[in-house]
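One structure is given here, and the rest of the page talks about it.
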Amino acid sequence: MKTLTPIGIEKQLIRMRDSLSHATYMRDGQKEQTEIFKTEINQDTIRIFVYLDDTVLGNVKNISLVDKDGDVIALANREFIKPRTKGLYSVFAYKFVEVEAV
């Protein structure tokens, strides 16, 4: 039997959002830091957007979300060449699902 209400689920997602501090990524072998561009909460799903603007170029990989404790809580293990002429969004999306324990 599931016990979480829609408000309970939304509050868990808000807690996750509020625990975030920033994002990091590796660029040409150096660790860089950037702000989280925006977050969206819709029912049981949170989307966290990291935007790399036209000042970032080169070999980019391992975009991560870092919480206020300094812990990496999510890691996108992807690698790409980022040109200066285009911005790039990396989106982390999570769906909060209550699982019944047996």
Side-chain angles (χ1 to χ4, degrees):
M1 180 167 140
K2 294 187 178 184
T3 58
L4 283 173
T5 65
I7 292 171
I9 291 171
E10 181 181 21
K11 285 189 171 197
Q12 293 304 314
L13 295 172
I14 289 169
R15 285 183 182 101
M16 180 181 185
R17 179 198 65 200
D18 292 348
S19 75
L20 297 173
S21 172
H22 60 275
T24 62
Y25 58 94
M26 296 296 292
R27 181 172 58 128
D28 297 327
Q30 299 282 46
K31 189 178 216 176
E32 306 277 341
Q33 180 175 319
T34 189
E35 297 300 313
I36 293 168
F37 181 70
K38 72 176 178 175
T39 59
E40 295 176 348
I41 294 174
N42 186 0
Q43 296 180 340
D44 60 359
T45 303
I46 185 169
R47 286 182 182 78
I48 303 148
F49 296 80
V50 176
Y51 180 66
L52 303 179
D53 65 17
D54 60 0
T55 64
V56 176
L57 73 146
N59 185 13
V60 174
K61 64 181 180 178
N62 298 340
I63 298 174
S64 64
L65 300 177
V66 180
D67 70 6
K68 291 178 180 173
D69 295 327
D71 296 319
V72 173
I73 63 162
L75 173 65
N77 194 10
R78 293 174 282 213
E79 186 171 349
F80 48 89
I81 303 297
K82 165 73 175 59
R84 183 179 298 274
T85 57
K86 294 183 180 179
L88 176 82
Y89 284 103
S90 184
V91 182
F92 294 79
Y94 302 99
K95 183 174 185 145
F96 192 92
V97 178
E98 181 179 4
V99 179
E100 295 182 49
V102 179

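Numbering of residues begins at 1 and proceeds along the displayed sequence.
With K82 contributing its side chain and V56 its backbone, the two residues share a donor-acceptor pair below 3.5 Å. At least one donor-acceptor pair closer than 3.5 Å links the side chain of E98 to the backbone N or O of L4. The closest donor-acceptor contact from the side chain of D69 to the backbone of D71 lies at 3.5 Å or more, if one exists at all. Counting only distance, with no hydrogens or angles, the side chain of D28 and the backbone of N59 share a donor-acceptor pair below 3.5 Å.
Separation of atoms CG (N62) and CG (N77) is listed at 5.0 Å; rounding is to 0.5 Å. Summarising the geometry, atom CG belonging to D54 is positioned 13.0 Å from atom NZ belonging to K86; distances are rounded to the nearest 0.5 Å. A distance of 8.5 Å separates CD1 of I48 from CD1 of I41, quoted to the nearest 0.5 Å. Distance check, rounded to the nearest 0.5 Å: CG of L13 to CG of N42 gives 10.0 Å. In this structure, NE2 in H22 is found 12.5 Å from NZ in K68, a value given to the nearest 0.5 Å. Rounding to the nearest 0.5 Å gives a distance of 14.0 Å between CZ of R27 and NZ of K61.
L75 and Y25 fall into different hydrophobic clusters, defined by Ile, Leu, Val, Met, Phe, Trp and Tyr side-chain heavy atoms under 4.5 Å apart, directly or through other members. I14 and F96 end up in the same hydrophobic cluster when Ile, Leu, Val, Met, Phe, Trp and Tyr side chains are linked at under 4.5 Å.
Here the closest non-hydrogen pair linking A23 and V50 is CB-CG2, 3.7 Å. For the residue pair E35 and S21, the shortest heavy atom distance occurs at OE1-O, 4.2 Å. Heavy atoms only, all atoms of each residue included: Y94 and A74 are closest at OH-CB, 3.2 Å. Taking each heavy atom of I73 and M16 in turn, the nearest pair found is CD1-CE, 4.4 Å. Closest heavy-atom contact between P83 and L57: C-CB, 4.3 Å. When all heavy atoms of L65 and L20 are compared, the pair lying nearest together is CB-CD2, 4.3 Å.
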- Message: Checking I63 against T34 for the side chain to side chain contact (heavy atoms under 4.5 Å, CB included) test, could you report, in this order, the C-alpha distance in whole Å, the side-chain angles of both residues, the deciding distance, and whether it holds?
- Response: CA-CA 10 Å; I63 298 174; T34 189; over 6 Å; no
- How far apart are the C-alpha atoms of I46 and F92, what are their side-chain angles, what is the distance that settles it, and do they pass the side chain to side chain contact (heavy atoms under 4.5 Å, CB included) test? CA-CA 8 Å; I46 185 169; F92 294 79; over 6 Å; no
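Within a 6.0 Å sphere centred on CZ of R17, other residues, nucleotides and ligands contribute more than 12 heavy atoms. Annotation for E79: atom CD counts as buried by contact number, over 12 foreign heavy atoms lying within 6.0 Å. Residue I7 qualifies as open at atom CD1: its count of foreign heavy atoms under 6.0 Å is 12 or below. Summarising the local packing, CD of Q30 is surrounded by 12 or fewer heavy atoms from other residues, nucleotides or ligands at distances under 6.0 Å.
Ring geometry for F49 versus Y89: interplanar angle over 60°, hence perpendicular rather than tilted (30 to 60°).
Remark: D44 pairs with K95 by the salt bridge (charged side-chain N to carboxylate O under 4.0 Å, His left out) rule, at least two apart or across chains.
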